Amino acid sequence: MNILVFLKRVASSQEEELKILGEGEAVDLSRLPFKLNDWDNYALEEAIRAVEKEGGHVIAISLGAKESDDVLRRAIAMGAGEGILILGEEALFDPRLRAIVASRFIKKEGFNFDAIFTGVQAEDDQFGTFGGYLAGILELPYVSMVVAIEEWGKGYVLVRRELEGGLMEKVKVSLPSVLSIQTGINEPRYVSVMGIRRASQIERKIYESSLYMEGVISSIEVLKWSYPPKKEGAKILPYDIDGACRELLQILKERGVCQ
Amino acid sequence: MGDVWVYIEHREGSTSPLSFELLGIGKKLAQERGGKVCALVIGESVDQIAKEAIEYGAEKVYALTGGVFKNFRSDVYTKAACQLIEKYGPDIILFRSTTQGTDLSSGIAGKLNVGICADAISVYHENNVLKMVRAAFGGRFNVTVVNERATPKLITVRPKAFEMPEKKDGQKGEIISESVGVSDSDSMMKVVDFVKSAVTVNLVEADIIVSGGRGLGKPEGFNLLREFADLIGAALGASRAAVDSGWIPYEHQVGQTGKTVKPKLYIACGISGAIQHLAGMRTSDCIVAINKDPDAPIFKIATFGIVGDLYQVIPKLIEKFKAKLGK
């Protein structure tokens with residue numbers, strides 16, 4: 001069984017120094033640490049577990065600048081059999097473009113695969129639509145928010161997905177298909193620095209994204225980045241706990257939140 | 001022309017009021033564009049939902065029925081919706097950014113080759129251009145975007161980003177029943193079963209959330225929070241730190257990984273306010289933070305703060321609420 005996993009290298013959003021450039025033209029990413037998108041890490045781990053159990057191999061694919069090689073080396077260290085970089089100088093903000101490039105790449109290079117895994121969303125743009133687009137373009141079935149893979153059968157996979165309100169849905173879906181993987185589905189394995197260094201010895205193939213971009217134009221255009229409205233900070237209620245609780249109750253009542 | 005469609009989601013025919021929430025903003029946008037607000041309902045039988053959509057303000061309801069639509073399956077729903085879209089040509093389609101809304105909208109986008117604006121927190125017209133604001137980088141930034149080349153413009157909207165429309169009896173609306181050529185053989189998926197998670201918590205729809213973090217110090221701390229939450233009719237949330245410590249199941253997690261929530265009241269107990277957590281709750285209407293550390297970042301975004309030990313504060317609040325409720 002072959003699984004393609006799409007990995008995105010993202011700027012860490014957990015940093016204090018996230019700043020907007022100029023009048024809101026862009027985000028200053030220059031001083032930020034980059035990492036593998038959290039969701040993709042779970043998707044990768046899940047794919048590796050699947051082939052460890054069922055046989056086959058995992059092909060890790062990343063779309064981005066040359067630095068995205070980092071996440072491919074990491075993937076190989078974790079157990080992916082192959083790493084592929086689709087090299088595009090600019091990070092594509094529009095997930096539809098990413099999906100078009102990915103789908104053309106898959107078709108043109110003639111990959112055989114049983115499933116495509118993606119993370120549910122990327123930490124940076126928070127779109128969460130790449131998998132759905134890709135499935136739509138490739139005309140494959142799509143199951144999002146997968147929280148458990150229960151069974152790989154002949155020509156199908158049985159998965160559990162998360163719905164709202166603590167409800168899960170068990171879905172049997174034909175292969176090949178596209179699954180978007182939710183965090184918490186597994187515990188991604190630890191990768192040592194040594195492991196990543198060893199993985200560097202395995203060649204990663206590079207393809208130019210321009211080969212798959214012909215006639216494609218972006219749909220979503222960014223007008224402006226801004227900071228969310230600043231909050232003034234909490235009104236601190238008196239340090240004496242009894243008084244603070246009394247005041248809180250009063251406030252909540254006035255606001256009609258609690259009776 | 002200029003019609004705005006609102007996709008009404010349901011689970012095997014059952015809805016909650018929030019299923020209809022986007023008819024409010026849908027109506028506003030439609031009026032500004034000189035069109036109508038229309039509900040799109042797909043299901044096994046949808047009479048009741050169509051009726052309710054009209055009560056919430058839909059001027060037209062496109063109703064697609066058939067046994068094949070009993071469960072939501074992204075492939076058949078996508079195929080069916082695309083046929084209607086091609087026939088009637090709406091300008092804008094709004095979905096909630098839930099599992100169902102996200103699946104369906106991205107399926108349609110892929111099929112019709114149009115862009116989609118996901119998880120918008122604001123949608124408005126400015127000089128006749130439709131603008132959308134969405135969050136990025138874990139809510140650290142807002143991004144204003146346009147999607148001018150697309151028809152229809154697909155937008156998923158974060159739950160509770162807009163006011164609920166009023167529900168009124170006796171509103172007029174037209175129901176257009178449609179049938180499309182979609183059958184079971186079009187689906188490559190089968191919904192085998194629904195499994196109730198061992199924990200059922202509906203954080204996204206809750207009006208009040210009581211949430212605990214690492215500051216609880218021990219798993220039993222959630223027993224106290226649960227007692228408080230039950231008393232005031234709140235859902236129980238948690239930070240990633242608490243979930244990762246194994247104190248409470250993942251279903252309770254609020255944050256960038258976890259649920260994004262927007263309750264009327266969010267009570268954060270022993271939560272320091274890591275960026276990961278703030279991403280999931282910073283837009284709550286009112287945030288109350290209870291923390292021992294006066295310098296905890298949570299106080300920067302909270303509306304009210306109590307600096308103190310939650311093991312003293314929460315029992316006190318329980319006592320006072322009980323007295324108020326006469327329990």
Side-chain angles (χ1 to χ4, degrees), chain A residues 13-14 18 20 27 38 94 96 123-129 132-133 135-137 141-142 144-145 158 160 162-174 183-184 219-228 231 233-237 239 241-242 244-246 248-249 251-252 255 257-258, chain B residues 74-75 98-99 102-103 106-107 109-111 115-119 135-138 140-147 149-150 188-197 199-202 204 232 250-251 257 264-265 275-276 286 289 299-308 312-313 316-317 320:
Chain A
S13 53
Q14 312 294 309
L18 275 176
I20 289 171
V27 177
D38 209 14
D94 183 347
R96 177 177 149 266
E123 287 167 60
D124 53 0
D125 65 33
Q126 292 182 244
F127 262 93
T129 52
Y133 271 131
I137 300 168
Y142 173 53
S144 66
M145 305 286 277
L158 182 65
R160 270 191 204 209
E162 190 183 350
L163 302 177
E164 281 71 30
L167 201 66
M168 308 227 240
E169 188 182 56
K170 217 186 249 194
V171 194
K172 193 172 167 180
V173 56
S174 314
T183 52
S219 42
I220 300 290
E221 281 173 83
V222 174
L223 295 184
K224 194 178 165 68
W225 293 84
S226 57
Y227 297 102
K231 304 222 175 181
K235 179 182 175 214
I236 301 291
L237 304 179
Y239 275 50
I241 285 173
D242 195 68
C245 290
R246 206 178 321 123
L248 180 61
L249 249 67
I251 291 163
L252 298 182
R255 297 188 149 222
V257 233
C258 292
Chain B
S74 55
D75 53 3
T98 54
T99 307
T102 304
D103 279 16
S106 57
K111 236 187 165 69
I116 177 173
C117 173
D119 205 24
F137 287 95
R140 303 288 297 281
F141 301 122
N142 286 342
V143 201
T144 309
V145 300
V146 291
N147 189 9
R149 293 193 192 96
M188 291 178 277
M189 329 166 65
K190 184 173 180 328
V191 176
V192 179
D193 198 6
F194 287 104
V195 192
K196 258 218 158 35
S197 163
V199 269
T200 48
V201 52
N202 201 338
V204 174
I232 63 172
Y250 172 77
E251 284 84 344
T257 42
K264 292 199 178 96
L265 171 63
I275 288 159
Q276 146 76 231
C286 175
F299 289 122
K300 286 195 191 134
I301 66 127
T303 329
F304 299 102
I306 296 180
V307 179
Q312 289 176 20
V313 177
K316 194 56 126 190
L317 282 172
K320 291 204 181 293

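Proteins get letters first, then strands, A, B, ... in listed order; numbering begins at 1 in each. Values reported hereafter were calculated over all heavy atoms of this structure, with side chains retained and with hydrogens, waters and symmetry mates removed. Because the structure is predicted, anything quoted here is derived from the model rather than measured.
- With sequence neighbours left out, A:D242 forms a side chain to side chain contact (heavy atoms under 4.5 Å, CB included) with A:D240, A:R246, B:K316, B:K320.
- The candidate from A:L248, A:I137, A:V173, A:T183 with the greatest count of non-hydrogen atom pairs under 4.5 Å with chain B is A:T183.
- Screening B:I116, B:V146, B:V145 against A:I220 for a side-chain contact (heavy atoms from CB on, under 4.5 Å) leaves a single residue, B:V145.
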Problem - Test side-chain contact (heavy atoms from CB on, under 4.5 Å) applied to A:L163 and B:T98, step by step - result: CA-CA 8 Å; A:L163 302 177; B:T98 54; over 6 Å; no
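- Side-chain N or O atoms of A:S219 include none that pairs as donor or acceptor with a backbone N or O of B:A150 at under 3.5 Å.
- Contact detail for A:E169 and B:F194: the closest heavy-atom pair is OE2-CE2, 3.5 Å.
- The structure places CD1 of A:I251 at 9.5 Å from OG1 of B:T303, a figure rounded to the nearest 0.5 Å.
- Among all heavy-atom pairs drawn from A:A234 and B:F304, the shortest one is CB-C, 3.8 Å.
- Closest non-hydrogen pair, A:Q126 versus B:G138, comes out as OE1-N, 2.7 Å.
- Contact record, A:Y133 with B:G110: CD2-N, 3.9 Å, taken as the closest heavy-atom pair.
- Atom-to-atom distance recorded for B:D193:CG and A:R160:CZ is 8.5 Å, nearest 0.5 angstrom.
- Across B:V313, B:T102, B:N202, B:V192, the residue that shares the most heavy-atom pairs under 4.5 angstrom with chain A is B:V192.
- Interface residue B:R140: backbone and side-chain heavy atoms are both found under 4.5 Å from chain A.
- Put simply, of A:E162, A:K231, A:K170, the one with the most heavy-atom pairs under 4.5 Å next to chain B is A:K170.
- With chain A as partner, the option from B:N147, B:N142, B:I306 having the largest number of non-hydrogen pairs under 4.5 angstrom is B:N142.
- If you measure heavy-atom distances from A:A135 to chain B, you find no contacts under 4.5 Å at all.
- For A:D124, the parts sitting under 4.5 Å from any heavy atom of chain B are the backbone and the side chain alike.
- Heavy-atom pairs under 4.5 Å with chain A were tallied for B:G115, B:G305, B:A118; the largest tally goes to B:G305.
- In this structure, chain A has a heavy atom under 4.5 Å from the backbone of B:K300, while its side chain stays farther away.
- For the set A:G184, A:S174, A:G128, the entry with the most heavy-atom pairs within less than 4.5 Å of chain B is A:S174.
- Across every non-hydrogen atom of A:T129 and B:S106, the tightest pair is O-CB, 4.1 Å.
- Rounding to the nearest 0.5 Å gives a distance of 8.5 Å between CG of A:L252 and CG of B:L317.
- Of the atoms belonging to B:V204, not a single heavy atom falls under 4.5 Å from chain A.
- Heavy atoms closer than 4.5 Å to chain A are found in the side chain of B:S74, but not in its backbone.
- Here the straight-line distance linking atom CZ of A:F127 with atom CG of B:D119 works out to 9.5 Å at 0.5 Å rounding.
- Note: A:W225 and B:F141 have perpendicular aromatic rings, judged against thresholds of 30 and 60 degrees for the angle between ring planes.
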